[in-house]
Structure formats: C-alpha cells, structure tokens
Amino acid sequence: MSRLINKIALVTGAAQGIGRAIAERFHAEGAVVIVTDINDPVGMRVTEQFSERAAYHHLDVRQESNWQKVFEIVEHGYGRLDVLVNNAGISGFIQTPGPHNPEDMDLASWHHVHAVNSDGVALGCKYAIRLMKKHRNGSIVNISSRAGIVGIPHMVAYAASKAAVRNHTKSVALYCAEMRYNIRCNSIHPGAILTPMWDPMFGEGEQREKMMREISSQVPLGRMGTPLDVANAALYFASDESTYVTGSELHIDGGILAGSEAAPSDRS
C-alpha cells in the first residue's frame, strides 16, 4: 500500500466524515498526513491513531492568518507540500440561524456558509500554489458536491458555494497549467454520502432509518455512499496515477447525476 509513499498531504476538515476518511486512506497509502480542523480535541484523537507520519494543526479555513501559520509550519517542517485536499465545509443548517431558501434567505447565514465553503477553498488554493510551485509539482483536490452541479431549493447558500468550488477548481487548473507550475487541480462531487452532515435532517431512531431508506430509494445504485467511497476518489487525484488529469470533476453519487428518475421504462 504505497500509492502516496513519501508524499506530504494536508487535509482540511479532517476530524470527521469525509475528511477523516481521506486522512486515513492517505496515511494507509504511505503519505505524511497533516490533519487540520477547528475541532481540536477530535482532530487530535484522530491523529493519535496514526503513526509518526501524521500531525495535527488547528485551521479555521475562513481565516487567512490561519492558513499563513499552517503553511509556515508545513514549509519549515517538511520543506514542501505535495497534496492539498480542501474538504472543510458546512451545510449551514447547524452553524447558522438561516433560513436558506432563496426568498427568505438570511444574508449573514449566506456569508457564513460562503466563508467556509468558498473562501476557504480559495485561500487553500492560494497558499498551496505558492508552496507547490517551488518544486514544480503538486495536486489540489477540492471537495465540491452534487449541489455544485444542480440547484437545491432550501440550501441556496450551500449549493451556490459548492458551485463556486467547482468553477474555481477549473480556473486554478488552467492558471497553473498556463504558468507551467505542474500543479493539478480537480474537484470531487459527492452525493448522498452518509456523513454527520445528514444528522440534523435524519433525526434519530425509526425516523432516521425511514429517511435513509427514502434517500437510498432515489439513488440508482440503491444505497447511500460512504466516506471511503469519496476517499478512494481523492486518492486517485492525489496519486501519480492522475498526472495527466487536471480541471476535471468526478461524481461520487451512485448514479444520481447520470439521468432523470422520470426516464421511460423499457417495458412500456
């Protein structure tokens, strides 16, 4: 298991969910993993499960000063960065008062979601490029969402911010190619992945099981995905197997975006 041997990788929002799965997968493949989050106790516990090839650092992706501090640590401690995964993101349901529909949306809540989901990615790309270009090598992986492709009526801030991530990824890819930095940038678009982000919508007990069944019934593959499904995609983009891939987007959604649920039956 050495697809990332000797690579230095930084993952944001890595204390739980998709970020944690990515950090675990990268570490298992030989990478030195820099785990970052704002939940320091949980982030440190995750990191303690790894070998000496891991370290934890506090990083609020909204704050440029936090990015500057972490990248100073990375450059002085490791000399380079090979992979950045911009994973940190919020739905806004827990973190803001809302509402999040287009008619009644709360502007402060909109700004909060965009500060994490969009500004955080832009800042991560900014500082990753500055460090990676020194060694003319690097891979930036931005975690967008199915919501970055289609509209979500009651999650307008989230959907708009994830669409921004999708487009910014392509701009970064083209810029780095134009500058001959040999830095690739790609986006991943998860859909219906069972993570803690769903907890406020699912509830508990029988209600949770019912909601999971309803969501699964709308997925062509008939089930919700796992954080590991997304981590495996991130591993491909981070590895040397994808050295000719940049500006691309990969949908990890069980086939949701492949077509319409209203497609005619071949038995009609």
Side-chain angles (χ1 to χ4, degrees), residues 1-37 42-57 59 70-71 73-88 121 124-125 127-144 169 172-173 176-177 180-190 193-195 225-252:
M1 306 294 283
S2 58
R3 293 165 71 186
L4 299 182
I5 195 74
N6 296 325
K7 289 189 181 292
I8 312 298
L10 189 155
V11 184
T12 70
Q16 63 179 5
I18 289 172
R20 177 174 178 170
I22 291 172
E24 292 173 341
R25 191 75 174 92
F26 281 15
H27 184 266
E29 290 290 345
V32 173
V33 180
I34 301 159
V35 177
T36 69
D37 207 285
V42 177
M44 286 187 285
R45 283 200 297 273
V46 169
T47 309
E48 288 169 357
Q49 299 175 15
F50 299 150
S51 70
E52 70 282 355
R53 289 185 289 102
Y56 175 80
H57 295 288
L59 174 58
V70 168
F71 268 79
I73 293 171
V74 171
E75 184 167 17
H76 292 154
Y78 304 98
R80 71 181 198 279
L81 182 69
D82 300 301
V83 181
L84 169 66
V85 181
N86 281 312
N87 165 76
V121 169
C125 292
Y127 286 96
I129 291 169
R130 290 184 175 185
L131 183 53
M132 289 175 174
K133 73 178 184 180
K134 294 181 180 181
H135 301 277
R136 286 296 192 272
N137 186 57
S139 174
I140 300 172
V141 184
N142 294 330
I143 307 300
S144 179
T169 297
V172 170
C176 290
R180 297 294 185 262
Y181 288 158
N182 195 32
I183 299 171
R184 298 176 291 108
C185 188
N186 297 284
S187 62
I188 296 176
H189 298 257
I193 305 296
L194 189 57
T195 69
T226 70
L228 182 59
D229 292 319
V230 184
N232 286 332
L235 174 60
Y236 168 68
F237 282 139
S239 74
D240 291 340
E241 297 158 19
S242 59
T243 55
Y244 195 56
V245 181
T246 193
S248 292
E249 57 191 63
L250 184 54
H251 304 158
I252 311 297

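Side-chain atoms are counted along with the backbone in the values below, which use heavy atoms only and exclude waters and symmetry mates.
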Ring pair (Phe, Tyr, Trp, His ring centres under 6.0 Å) partners for Tyr127, two or more places apart: none
Minimum heavy-atom distance between Pro227 and Ala21, given as atom pair plus value: CB-CB, 3.5 Å
Set of residues satisfying salt bridge (Lys or Arg N to Asp or Glu O under 4.0 Å) with respect to Arg20, sequence neighbours excluded: Glu24
Min side-chain heavy-atom separation Asp37-Val42 under 4.5 Å: no
Gap separating the CD1 atom of Ile140 from the CG atom of Leu10, nearest 0.5 angstrom: 11.5 Å
Non-neighbouring partners of His251 that pass ring pair (Phe, Tyr, Trp, His ring centres under 6.0 Å), sequence neighbours left out: His189
Pairs flagged by side-chain hydrogen bond (donor to acceptor under 3.5 Å, both in side chains) wherever residues 5-16 is involved - sequence neighbours left out: Lys7-Asp240
Any donor-acceptor pair under 3.5 Å from Glu29 side chain to Arg3 backbone: yes
Set of side-chain contact (heavy atoms from CB on, under 4.5 Å) partners for Val32, sequence neighbours left out: Ile8, Arg53, Tyr78
CG on Asn87 to CD1 on Ile22, rounded to 0.5 Å: 5.0 Å
Those residues that, when tested against Asn142, pass side-chain hydrogen bond (donor to acceptor under 3.5 Å, both in side chains) (two or more places apart): Asn86, Thr169
Salt bridge (Lys or Arg N to Asp or Glu O under 4.0 Å) contacts touching residues 127-140 (sequence neighbours left out): Glu75-Lys134
Main-chain N/O of Phe237 paired to Ser139 side chain as donor or acceptor, under 3.5 Å: yes
Closest heavy-atom pair and its distance - Cys185, Ala173: O-CB, 3.6 Å
Results of salt bridge (Lys or Arg N to Asp or Glu O under 4.0 Å) for Glu249 - residues two or more places apart only: Arg166, Lys170
Candidate list Asn186, Ile188, Leu250, test side chain to side chain contact (heavy atoms under 4.5 Å, CB included), partner Val141, passing option: Ile188
Flag, side chain of His135 to backbone of Asp82, donor-acceptor distance under 3.5 Å: no
Residue list, side-chain hydrogen bond (donor to acceptor under 3.5 Å, both in side chains) with Ser242, at least two apart or on another chain: Arg184
side-chain contact (heavy atoms from CB on, under 4.5 Å) involving Ala14 - partner list, sequence neighbours excluded: Val11, Ala23, Val35
Partner residues of Leu228 under the side-chain contact (heavy atoms from CB on, under 4.5 Å) criterion, sequence neighbours left out: Arg25, Thr226, Ala231, Asn232
Least distance between heavy atoms, Met132 atom then Ile183 atom: CB-CD1, 3.5 Å
Asn182: partners by side-chain contact (heavy atoms from CB on, under 4.5 Å), with sequence neighbours left out: Asn137
Check: Leu81 and Phe71 side chains under 4.5 Å, non-hydrogen atoms: yes
